[in-house]
Amino acid sequence: MKSSWKVSWLLVCLFLTGCQMSVLNPAGRVAEEQSRLIIFSFAVMMIILLVVFVLFFRFLWRYREDSRIERPPHTQENDNKKLEITWTVLPLLVLLLLAVPMLMQTYSLETKTTQEEMTIEVTGQQYWWRFDYPDENIRTAQELHLPANTNITFELNTEDVIHSFWIPQLGGKKDAIPGRTNELHLETGRPGVYEGKCAELCGAAHTDMRFQVVVHEEDDFTEWVEAAGQDVTPEENETVQEEGARVFQENCLACHAADGAATKNDQGPNLALYGERDKISGSFANDEEQLKAFLRHPNDFKPSTDMPAYNNLSREEMDALVNYLHGLTRENVQGGSD
């Protein structure tokens, strides 16, 4: 029996190690309100649970088999107005206690703030996210960049099945539904790097449909916008001197752009400033060996992905391509434009 308990606790601990996204460590106003609501609801339910367990164990002890307490006769009481009213009113009060703040919180998520907002168009597709900044005329993917302490309106769309856009530490979650545009209103808080994901089962690689959220100080965000918009993608008919850019042009250009120009090569994720990203496709460590493995066998990382395998490239071509992608940084892009 003891060994089975140990195994059970071990399984619980292993399960909890997978919880990498915390809703109880908020970094924005909406997330803080939702975190307080979760804690409040949990406290109410724990009080109810405690009362039930106290009564349960009290009756077990009081009316145990060896107890000398005289048991009441088995009589049926057909009418007790006080008990009936108590068992009806108490659950209603508890439901109201939980429902009122929850409805208020839900309503606030649907209401636009009167303060100035930034609009970002979010498009989900199997199994990645595209982010368009209409005012800045740039596009990126898998890494969402935001200014700190700013009201954001996300316009949510999808190009295939239903997805759900969720950034736990900033709060809120809303579905992206085919054929319609949903809006989600959030307020960013302190600068930092946060995790986002799809929260609706959408296919074989759903668990890896993640993205990173980078919240910048205002000046740093402005610098990122300027660098992301720099035109560094090789043109289709251009004679490319650098080996990595040549390999990119010949193998990747049909689907991917290497800069944030919003009208370029949008069949696959935009790779603007790819060298600054911590994750490959929002999920895997962006180091040299991992990136080479991903490019050669993408389906080993994301089942059912549309990206073809580039295992036809020679070692030298793969090295050049990876160096080119990892060289797409603010320093290199802005330095090259001078």
Side-chain angles (χ1 to χ4, degrees), residues 17-23 25 27 120 122-133 138-146 154 163-170 173 176 188 191-200 202-216 220-221 224-225 227-228 244 248 252 255-260 266 268-307 309-310 318 321-333:
T17 58
C19 300
Q20 302 171 356
M21 307 174 72
S22 174
V23 297
N25 183 22
I120 297 177
V122 178
T123 304
Q125 54 194 101
Q126 295 171 312
Y127 298 95
W128 57 282
W129 297 92
R130 186 176 76 218
F131 306 112
D132 287 287
Y133 300 71
I138 60 173
R139 168 175 294 170
T140 186
Q142 297 298 89
E143 195 170 85
L144 175 63
H145 292 257
L146 305 171
F154 295 102
H163 301 284
S164 187
F165 180 78
W166 187 31
I167 311 171
Q169 286 185 265
L170 296 185
K173 178 177 67 173
T188 59
V193 179
Y194 310 106
E195 297 291 325
K197 69 171 299 181
C198 176
E200 180 75 26
C202 57
H206 159 72
T207 186
D208 289 318
M209 191 172 168
R210 297 170 178 261
F211 59 96
Q212 283 200 299
V213 183
V214 183
V215 179
H216 302 262
D220 192 50
F221 178 73
W224 176 84
V225 169
F248 180 87
C252 313
C255 298
H256 301 278
D259 58 62
D266 59 358
N270 187 286
L271 304 177
L273 301 181
Y274 187 83
E276 296 187 357
R277 302 186 189 183
D278 293 330
K279 300 289 181 69
I280 300 169
S281 195
S283 299
F284 315 103
N286 188 15
D287 58 57
E288 185 176 337
E289 293 305 315
Q290 189 99 312
L291 180 55
K292 289 178 182 179
F294 179 82
L295 292 171
R296 292 194 186 279
H297 304 286
N299 264 279
D300 290 350
F301 291 80
K302 279 194 170 183
S304 301
T305 182
D306 290 333
M307 181 171 169
Y310 286 98
M318 182 62 74
L321 177 58
V322 168
N323 287 336
Y324 172 75
L325 292 173
H326 280 166
L328 295 173
T329 64
R330 267 181 274 188
E331 181 180 0
N332 291 338
V333 167

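Because only heavy atoms are used, hydrogens play no part in the values below, and waters and symmetry mates are left out as well, while side chains stay in. The model shown is predicted, which means the values in this text are computed figures rather than measured ones.
Thr140 OG1 to Asp259 CG: the interatomic distance, rounded to the nearest 0.5 Å, is 10.5 Å. Atom-to-atom distance recorded for Arg277:CZ and Leu325:CG is 10.0 Å, nearest 0.5 angstrom. Rounding to the nearest 0.5 Å places CG of Asp132 at 10.0 Å from CD1 of Ile120. Rounded to the nearest 0.5 angstrom, Phe301 CZ and Met307 CE are separated by 10.5 Å.
The ring pair (Phe, Tyr, Trp, His ring centres under 6.0 Å) test with Phe211 is passed by exactly one of Trp166, Tyr194, Phe165: Phe165.
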- Kindly indicate, with the supporting measurements, whether the criterion side-chain contact (heavy atoms from CB on, under 4.5 Å) is fulfilled by Gln212 and Glu195. CA-CA 5 Å; Gln212 283 200 299; Glu195 297 291 325; 3.4 Å; yes
- Message: Set out, in order, the CA-CA distance, both residues' side-chain angles and the distance that settles side-chain contact (heavy atoms from CB on, under 4.5 Å) for Lys292 and Leu321, then state yes or no.
- Response: CA-CA 9 Å; Lys292 289 178 182 179; Leu321 177 58; over 6 Å; no
- Message: side-chain contact (heavy atoms from CB on, under 4.5 Å), that's the test. Do Thr188 and Val213 meet it? Break it down for me.
- Response: CA-CA 10 Å; Thr188 59; Val213 183; over 6 Å; no
- Message: Let's go through Ser304 and Tyr127 carefully: what are the C-alpha distance in whole Å and the side-chain angles of both, what is the deciding distance for side-chain contact (heavy atoms from CB on, under 4.5 Å) to 0.1 Å, and is it a yes or a no?
- Response: CA-CA 9 Å; Ser304 301; Tyr127 298 95; 4.0 Å; yes
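In terms of modelled atom types and a separation under 3.5 Å, the side chain of His163 and the main chain of Glu200 share no donor-acceptor contact. Not one N or O on the side chain of Gln126 forms a donor-acceptor pair closer than 3.5 Å with the backbone of Thr305. Distance alone, capped at 3.5 Å, is enough to place a donor-acceptor pair between the Asn332 side chain and the Gly327 backbone. Looking only at distances, no side-chain donor or acceptor of Tyr310 sits under 3.5 Å from a matching main-chain atom of Cys252. Using modelled atom types, one side-chain atom of Lys302 and one backbone atom of Asp208 make a donor-acceptor pair closer than 3.5 Å.
For the pair Gln142/Ile280, no side-chain contact is recorded, criterion being any heavy-atom separation below 4.5 Å from C-beta on. Under the 4.5 Å side-chain criterion, counting only non-hydrogen atoms from C-beta, Leu144 is not in contact with Val122. Put simply, the side chain of Leu273 does not reach to within 4.5 Å of the side chain of Glu143, judged on heavy atoms. At a threshold of 4.5 Å between non-hydrogen side-chain atoms, the residues His145 and Phe131 do not count as touching. Taking the side chain as every heavy atom from C-beta outward, Leu328 and Phe248 never approach each other to under 4.5 Å. Proximity of Arg130 to Gln125: side-chain heavy atoms (C-beta onward) are separated by under 4.5 Å at one or more points.
Shortest non-hydrogen contact noted between Met209 and Cys202 is SD-SG, 3.8 Å. Of all the heavy atoms in Ser164 and Lys173, the pair that sits closest is OG-CG, 3.3 Å. Considering every non-hydrogen atom in both Phe294 and Ser281, the closest pair reads CZ-CB, 4.3 Å. The two residues Asn270 and Ala141 have their closest heavy-atom pair at N-CB, 3.4 Å. Considering all non-hydrogen atoms of both residues, Pro303 and Ala205 come closest at O-CB, 3.4 Å. Here the shortest heavy-atom pairing between Asn286 and Tyr274 reads ND2-O, 3.6 Å.
Ring planes of Tyr133 and Phe221: tilted class, angle from 30 to 60°.
Checked for salt-bridge contact, Arg330 and Asp220 meet the test: a charged N lies under 4.0 Å from a carboxylate O.
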